[in-house]
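Worksheet: one structure, shown below.
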Amino acid sequence: EKGGYDYFMLKEIAEQPKAVADTLLGRIDAAGSLTLDEVRISAAELREVDKVVIVACGTAFHAGLIAKYAIEHWTRIPCEVELASEFRYRDPILGPRSLVIAISQSGETMDTLMALRHAREQGSKVLAICNTNGSTIPRESDAVLYTHAGPEVAVASTKAFLTQLVACYLVALYLGQVRGTKWGDEISAVVRDLSHISGEVERVLETMEPVRALARSLADKKTVLFLGRHVGYPVALEGALKLKELAYMHAEGFAAGELKHGPIALIEEDLPVVVVVPSPRGRSVIHDKIVSNIQEIRARGARTIVIAEEGDEAVVPYADHLIRIPATPTLLQPLVATVPLQVFACELATARGNEVDQPRNLAKSVTVE
Ligand code: M6R
């Protein structure tokens, strides 16, 4: 059932192009409009939404953090993202015009379920983004947009994450469409790019051998840091989470701009630091800033592992290891930038002799609070 792979995780990483394509299937028509009929919250209600609140845990929370950038940029609706386990304990401000999005692969995560129950008690509408048909979270929500990743067996979430991102982009674009905000050339271009993105994920998968070799060479390290900016920041958090749960290594993700506010003190000779570099096109200011961050940490002895777009030459002098990803619109970059981090963590776990599909102390779905 592992389809010739040693681990479910490897199989599931390889299935990502299909999972992404399946999640898009039938949801964008030939004219580039979104048809999310299954989201049974009326267009009139969606036009009234004055705030989006995303609740989720773990990897699904990282998808939510990325969704915030897309939702606010494409719809101009304020969006908060909160760990489900924190949400209801702080008396969040919610009302009938708040749209709460609960993201969960399993649909059974107790923290997320309790958060959505709390939101519904406050009169908010809840939209679930879920991978498991008929599970509790979609059953208790007002509407559901299913991800079509297929069953995810490995405890570490991979293909479900990419499809959660796709679903979040679809919701953001759909909200933009029904509200008529910013529905212009940029959005049409994104819709077009989204329909090609599974091929780009495939291309990333074809170039992963050097990432595996790099991971094996780092098997004796104690710590790996991850840096990112803009949507690259949640990608860095996700890279660190994968490494913690699979390789049992100390791993931390930081917003690159925060370095100088503390974490740069951690940099020492030969410390591996993975940096997710945003596209040099579009938000070029952020790109230039992260290039100086790479310079700063390298000057202090860090071993820099740089994930950057093809054609981004500015990073070359400062990258001890360079991992190339295809050029994509900035907001979609997490779909390609996360893949090398999954492969990296999986290979490191194998090199350290860990159980890849069943890491110690973890369960696939956490059904207690
Ligand atoms: O099933 P869910 O998406 O609600 O699960 C949430 C987290 O427990 C899950 O993403 C966890 O962090 C994964 N093991 C990460 O790889």
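Atoms within each ligand, like the ligands themselves, are counted from 1 in listed order.
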* Asked: Would you say Glu108 contacts ligand 1, with heavy atoms under 4.0 Å as the rule?
  -> no
* For ligand 1, is there an atom lying under 4.0 Å from some heavy atom of Ala156? ->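 Within the 4.0 Å threshold, so yes.
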* Is any NZ, NE, NH1 or NH2 atom of the basic residue among Glu269 and Arg300 found under 4.0 Å from an Asp or Glu carboxylate oxygen of the other? -> no
* Is there a side-chain contact between Ile305 and Asp320, using heavy atoms and a 4.5 Å cut-off? ->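 No, every pair of side-chain atoms sits at 4.5 Å or beyond.
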* **Residue pair Pro78 / Val52, side-chain heavy-atom distance below 4.5 Å** =>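 Contact flag for Pro78/Val52 side chains = no.
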* Structure fact -> Paired with Thr112, the side chain to side chain contact (heavy atoms under 4.5 Å, CB included) test is passed by just one of Ser85, Cys57, Cys130, namely Cys57
* Atom indices of ligand 1 within 4.0 angstrom of Thr59 heavy atoms, with elements -> 10 (O), 12 (O), 15 (C), 16 (O)
* Asked: Which atoms of ligand 1 are found less than 4.0 Å from any heavy atom of Gln105?
  -> 1 (O), 2 (P), 3 (O), 4 (O)
Contact (N/O only, under 3.5 Å) between [X] and ligand 1:
{"X": "Ser104", "answer": "yes"}
{"X": "Lys364", "answer": "no"}
{"X": "Ser157", "answer": "yes"}
{"X": "Leu241", "answer": "no"}

* To do: Check Ser106 against ligand 1 and report side chain, backbone, both or neither, counting heavy atoms closer than 4.0 Å.
  => both
* **Residue from His230, Gln333, Glu309, His287 passing side-chain hydrogen bond (donor to acceptor under 3.5 Å, both in side chains) with Ser279** => Glu309
Among all protein heavy atoms, pick out the one at the shortest distance from [atom]; state its residue, atom name and that distance to 0.1 Å.
{"atom": "atom 8 (O) of ligand 1", "result": "Val366 CG2, 4.2 Å"}
{"atom": "atom 6 (C) of ligand 1", "result": "Cys57 O, 3.4 Å"}
{"atom": "atom 13 (C) of ligand 1", "result": "Val155 O, 3.8 Å"}
{"atom": "atom 16 (O) of ligand 1", "result": "Glu245 OE2, 2.3 Å"}
{"atom": "atom 5 (O) of ligand 1", "result": "Thr109 OG1, 3.5 Å"}

* Asked: Taking all non-hydrogen atoms of both residues, which atom of Leu205 and which atom of Ala14 are closest, and how far apart?
  -> CD1-O, 3.9 Å
* **Contacts of Tyr7 that satisfy ring pair (Phe, Tyr, Trp, His ring centres under 6.0 Å) - sequence neighbours left out** => none
* Using the ring of Tyr248 (Phe, Tyr or Trp, six-membered ring only), decide whether Arg360 places NZ or CZ under 6.0 Å from its centre and within 45 degrees of its axis. =>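 Because its charged atom sits under 6.0 Å from the ring centre and within 45° of the axis, Arg360 does stack over Tyr248.
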* **Residue Glu1 excluded, over 12 heavy atoms near CD under 6.0 Å** =>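 No, CD of Glu1 has 12 or fewer neighbouring heavy atoms, counting only those of other groups under 6.0 Å.
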